[in-house]
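Remarks on the structure that follows.
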4 protein chains.
Amino acid sequence: MTNARPLRADAQRNRARVLAAAEWVFAERGTATSTEEVARAAGVGVGTVFRHFPSKEALLQALVVQRLARVAADAREHATSPNAGAAFFDFFAATVRGSATKLELVDALAELGIHPDDAVAPIAEEVTEALAALLQQAQRAGSVRRDVDVRDVIALLAGASQARRYAPDDRPLDVILDGLRAPSAH
Amino acid sequence: MTNARPLRADAQRNRARVLAAAEWVFAERGTATSTEEVARAAGVGVGTVFRHFPSKEALLQALVVQRLARVAADAREHATSPNAGAAFFDFFAATVRGSATKLELVDALAELGIHPDDAVAPIAEEVTEALAALLQQAQRAGSVRRDVDVRDVIALLAGASQARRYAPDDRPLDVILDGLRAPSAH
Amino acid sequence: MTNARPLRADAQRNRARVLAAAEWVFAERGTATSTEEVARAAGVGVGTVFRHFPSKEALLQALVVQRLARVAADAREHATSPNAGAAFFDFFAATVRGSATKLELVDALAELGIHPDDAVAPIAEEVTEALAALLQQAQRAGSVRRDVDVRDVIALLAGASQARRYAPDDRPLDVILDGLRAPSAH
Amino acid sequence: MTNARPLRADAQRNRARVLAAAEWVFAERGTATSTEEVARAAGVGVGTVFRHFPSKEALLQALVVQRLARVAADAREHATSPNAGAAFFDFFAATVRGSATKLELVDALAELGIHPDDAVAPIAEEVTEALAALLQQAQRAGSVRRDVDVRDVIALLAGASQARRYAPDDRPLDVILDGLRAPSAH
DNA sequence: AATGAATGAGCTTTCATTCAT
DNA sequence: GATGAATGAAAGCTCATTCAT
């Protein structure tokens, strides 16, 4: 159903291996790590990496898209919960805790504002919409303060993830969650 | 007190120009920008940059030290205020708002946790101490919740600065400040 | 007479398609164009190209051989004409005009002098012989000056083809033809 | 007086060495030879080559410009001769004989028609003008046929140079020169 | 036989760093 | 001290060729 014919089974597998290796390597040693290194980690030749991702930039973007897709899916799933407030805070905490690697949510989210025109654009919109819905529900339920909008939430997700790099425990996250609660919710 | 003889006046001036140019250039175009570019922006030859900073890493660290020195000084100054609570929050907000350039406080703070052993160590300790004092006063005054420590505050400074990249207004910052307030302070 | 068994009909067709595609692609975009590109133009996989031509070099040579074979055939045909002088000049002009693609006669002829030992050798000899016959007839008929030999004619064919790249009209060709006429022929 | 400050003496020398080495290497082994090889031949590092010529393309163009500059100068010099006819033919023969390397005049002239918009444009015009003057004089003197124009002459220079690759003696050149003579000149 | 994914040597280019001027 | 040309390791990327499907 996609417009490109599906990849052969082995190609599919290699693409996935490259993506996984890239996530690991870039997280562990920074995105400045060479593509050669990524290839080595994936157990393939450099050529294979470039066959699947025509440039390093494209590989990085694929990683971002993958990360954001998970966030969007997660937001949508939480939006189905009957308890809108808990759903929002659960989602927020889980997302921040999930960005445990160095190629953080931070870097993924960075793309949301920075390249609004390229391959990341569709997924960016997806994330924004899913998040907006989740937020609105929680605000209507009186759990989240009304003076924040989606952009603020995204910024705070990035901020909380960043904070986690310095203090990997939950304290900073808790502070931010508390800051988000509606005053009456105390 | 320095172990090197004082620099000649012109050398002193060149060092400062390089530092300023580096801050500007790295902020504007990323730390991957070449040293050549920094030299050009400073109006000196590359050789001069390397004479003052033996490696690019060293230049980056000097920038971090400079940034953190300002933060430490600022913390110490606020610590003299009679109103400990307001002083803490003022300091926090001012620090985050001041990290408006792209070579953010984030990157500076990154060094606090990441390279605790090198040239950055002394200033890191300085910042930590000044911050600890300011925090303790504010907690004793009942303005800041008691379950956060210096490390959390540093993490949240980094987080709030990061958030500012996505939503350059004050909303995310306000959320975090609210999260930091002692419950009874409402 | 060939030492390999005849190709299956579809294989035969594929070989021809590759050859045609290669001529077109190399002419249009230079011989540095990738084999992948040639395969795409031929509507086959790269593997197929390499099955028929064991290396890119071999593919290029096959093209040259094909080109030279046409020249030799043409020369032989003109040699049957009753008017030896006209036959020679007609042949010369037609050959030069026919090298209208970018993978010119020039490049084909280049092989005559450059790789005298490989796959091109037989056809090179064929061309030389056919040309020698045509030339001799024209010289005997008093139409072509006697102080040029086959090698000179080949060089001039290459030269005239080259000239056509810069001035695609007939003027340079006419000049060369005039230069070849026997003095008494005026 | 040039808009760039003159190079330091050693830089000047290295630039010249690179240019000379490039001419030699490309002539001997084709323009596909790696820049690394050129650097080795010049006795410098690759970096030096790229400092002087920002891309391989630029290096090739510099070679072309150098070659064409010589041709233009030569044309202008011959144009001062009292015997216009002899001057033209002398120039033509000398130019063709001078393109003895494989990175021929052919390749240099190729640029005349192919990249009319880049760094080669000014020198291309220079060559054309100098040649036009020389040609016109020779035509007025009744030595060169009147139905050829500058473009034809350039094409024939390229053609004659190409011919020389196959028959390195003077015969093909003589044929072309004869073809250029005015009919009455016999 | 045909396919196209995988390979990896090799190419162009960049840039931190050194050193002659 | 300052300069900027030179260096060469290393990076991103291409492509002829191989081989599992």
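Labels below follow one simple rule: chain letters A, B, ... track the order of the sequence lines, proteins then strands, and each chain is numbered from 1.
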Exercise. Hey, mind stepping through R15(C) and V18(C) against side-chain contact (heavy atoms from CB on, under 4.5 Å) and telling me if it holds?
Worked result: CA-CA 5 Å; R15(C) 201 194 123 97; V18(C) 168; 5.9 Å; no
- Which part of the nucleic acid, if any, lies within reach of V44(D) when heavy atoms closer than 4.0 Å are counted: base, sugar-phosphate only, or nothing? sugar-phosphate
*So what does S34(C) touch, heavy atoms closer than 4.0 Å: a base, only the sugar-phosphate, or nothing?*
sugar-phosphate
Item to check | Side-chain N or O of S55(C) closer than 4.0 Å to phosphate OP1/OP2 of dA16(F) | outcome: no
Separation of dG8(E) atom P from R40(A) atom CZ, nearest Å, is 11 Å
Rounded to whole Å, NZ of K56(C) lies from C1' of dT14(F) at a distance of 11 Å
R13(D) CZ to dG4(F) P, in whole Å, measures 18 Å
From CZ of F50(A) across to P of dG12(F) the rounded distance in Å is 6 Å
- Indicate whether OP1 or OP2 belonging to dA2(F) is found under 4.0 Å from a side-chain N or O atom of N14(B). yes
Whether R29(A) and E37(A) form a salt bridge (side-chain N of Lys/Arg under 4.0 Å from carboxylate O of Asp/Glu) is what I want to check. yes
- Query: Does R51(C) make a side-chain N or O approach to OP1 or OP2 of dA1(E) shorter than 4.0 Å?
  - Reply: yes
inquiry  = If the cut-off is 4.0 Å, is H52(C) near the phosphate of dA2(E), judged by side-chain N/O to OP1 or OP2?
reply    = yes
Between CG of L59(A) and P of dA11(F) the distance, given in whole Å, is 15 Å
Between CG of L60(D) and P of dT13(E) the distance, given in whole Å, is 11 Å
Margin query: Would you say that V38(A) contacts W24(A) through its side chain, given a criterion of any heavy-atom pair below 4.5 Å between the two side chains?
Written below: no
Rounded to whole Å, CD of E57(C) lies from P of dC15(F) at a distance of 18 Å
So, is T35(C) close to the dC15(F) phosphate, meaning a side-chain N or O under 4.0 Å from OP1 or OP2? no
If pairing means Watson-Crick or G-U wobble with both distances under 3.5 Å, then the partner of dA10(F) is dT13(E)
Sorted by position of nearest nucleotide on DNA chain F, 5' first, the leading residue of G43(D) and G47(A) is G43(D)
dist K56(D):NZ -> S34(D):OG (nearest 0.5 Å) comes out at 7.0 Å
- Should T48(D) be listed as having a side-chain N or O under 4.0 Å from OP1 or OP2 of dA5(F)? no
Checking N1-N3 plus N6-O4 or O6-N4 for Watson-Crick, or N1-O2 and O6-N3 for wobble, each under 3.5 Å, the partner of dT17(F) is dA6(E)
Between V46(C) and G45(A), the residue closer to the 5' end of DNA chain E by nearest nucleotide is V46(C)
Between T31(A) and F26(A), the two heavy atoms sitting closest are CA-CD2, 3.6 Å
Item to check | Pair R17(A) + E23(A), salt bridge at N-O below 4.0 Å | outcome: no
Rounded to whole Å, CD of E37(B) lies from P of dC15(E) at a distance of 9 Å
Of E36(D) and A32(B), the one whose closest nucleotide on DNA chain E sits nearer the 5' end is E36(D)
